[in-house]
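Some notes on the structure that comes next.
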Amino acid sequence: MIRIFQLSTLRCRIAPLGMSDAPDIAERLDIPAEEIGAMLFGAGERRLLGIYDCEAGRLHALLLIARTASSVLALGLHVAAGARSTALAAEALAEVMRALAAAHPFDRLEAHCLGEDPALDRLLAAQGFERHGSATPFALRHTSPAAARIDVC
């Protein structure tokens, strides 16, 4: 089980989401209810987190964490329209990556984004991810939770 519960930074709060959050997710991030259900209850080990802007008090982004193999974790990131110019998602992603490295040792961390999004490309690159084809657009390989090394996958 992916054990990330509540995290926070100076500007955001990161918390697990459930079906009771579906209306807020649908309204704020324009995601259909059936997709929200699939993110929450899809097959395999997974955790859906909401990234909340502390100042505005509203949902800023979603982060889906799924284990795709014994030592591989995948992240799916979706940022609310109009919020991409802020650094909140990058701040939250860095905090989640630290928590994952401490609690869930992995050899590889992949980031998946739907479609082309230059803002998310820059955000992921700033966190150390590199683009690697279309099936796995970004990947970061860790040799240990404490010392990260970026390799071409």
Side-chain angles (χ1 to χ4, degrees), residues 1-18 21 25-26 28-32 35-53 59-153:
M1 168 144 226
I2 296 174
R3 292 177 187 90
I4 291 190
F5 300 102
Q6 184 105 352
L7 300 170
S8 62
T9 69
L10 290 175
R11 298 182 304 155
C12 68
R13 178 176 60 86
I14 305 151
L17 297 173
D21 299 300
I25 296 169
R28 187 77 183 110
L29 299 169
D30 195 29
I31 297 175
E35 286 185 34
I36 297 167
M39 284 187 265
L40 287 167
F41 305 113
E45 187 180 352
R46 60 183 49 230
R47 179 71 119 189
L48 183 62
L49 301 173
I51 299 168
Y52 293 87
D53 181 331
L59 186 63
H60 178 80
L62 291 181
L63 183 61
L64 177 65
I65 305 166
R67 187 172 299 280
T68 58
S70 64
S71 63
V72 178
L73 292 176
L75 304 175
L77 181 64
H78 183 80
V79 180
R84 287 188 168 90
S85 61
T86 70
L88 223 61
E91 187 176 307
L93 181 59
E95 186 66 19
V96 168
M97 287 171 59
R98 277 191 289 279
L100 284 173
H104 300 281
F106 56 87
D107 292 327
R108 182 177 167 100
L109 181 62
E110 300 173 350
H112 299 266
C113 301
L114 296 174
E116 294 293 317
D117 189 332
L120 284 180
D121 287 358
R122 288 188 302 275
L123 184 153
L124 292 169
Q127 295 297 325
F129 288 87
E130 293 181 342
R131 183 172 281 285
H132 296 284
S134 58
T136 305
F138 295 90
L140 176 69
R141 186 178 303 239
H142 282 273
T143 55
S144 73
R149 180 183 97 237
I150 301 168
D151 290 335
V152 175
C153 303

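Below, each value reflects all heavy atoms present in this structure, side chains not excepted, and no hydrogens, waters or symmetry copies. All figures in this text were calculated on a predicted structure; none of them were measured in a lab. Residues: numbered from 1 along the sequence shown.
Pairing each heavy atom of L124 with each of A111, the nearest pair is CD2-CB, 3.7 Å. Annotation for A94 and Q127: closest pair CB-OE1, 3.5 Å, computed over non-hydrogen atoms. A pairwise comparison of heavy atoms in T68 and A74 identifies CG2-CB, 3.8 Å as the closest pair. Contact between L40 and G18 at its shortest, heavy atoms only, is CD1-C, 3.7 Å. Shortest non-hydrogen contact noted between R11 and A87 is NH2-CB, 3.5 Å. The two residues V79 and A61 have their closest heavy-atom pair at CA-CB, 3.9 Å.
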*Begin from the C-alpha positions of L75 and L100 and carry the test side chain to side chain contact (heavy atoms under 4.5 Å, CB included) through to its verdict.*
CA-CA 11 Å; L75 304 175; L100 284 173; 3.9 Å; yes
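Qualifying salt bridge (Lys or Arg N to Asp or Glu O under 4.0 Å) partners for R98, counting only residues two or more places apart in sequence or in other chains: E95. Among residues two or more places apart in sequence or in another chain, the side-chain hydrogen bond (donor to acceptor under 3.5 Å, both in side chains) test is passed with R47 by none.
Side-chain contact between D21 and L48 is absent, with no heavy-atom pair separated by less than 4.5 Å. For the pair L62 and I31, the minimum side-chain heavy-atom distance is below 4.5 Å. I51 has its side chain out of reach of V96: every pair of non-hydrogen atoms, C-beta onward, lies at least 4.5 Å apart.
Checking side-chain atoms of R28 against main-chain N and O of L59 turns up a donor-acceptor pair under 3.5 Å. Formation of a donor-acceptor pair under 3.5 Å by the R46 side chain with backbone atoms of M39 is found in this model. Remark: the backbone N or O of L88 is not paired with any side-chain donor or acceptor of H60 at under 3.5 angstrom.
To the nearest 0.5 Å, atoms OG (S8) and CD1 (I14) are separated by 7.5 Å. With rounding to the nearest 0.5 Å, the separation of CZ in F129 from CG in L123 is 9.5 Å. Between the CD1 atom in I25 and the CG atom in D30 there is a gap of 12.5 Å [rounded to 0.5 Å]. Distance check: L93 CG to L63 CG gives 6.5 Å after rounding to the nearest 0.5 Å.
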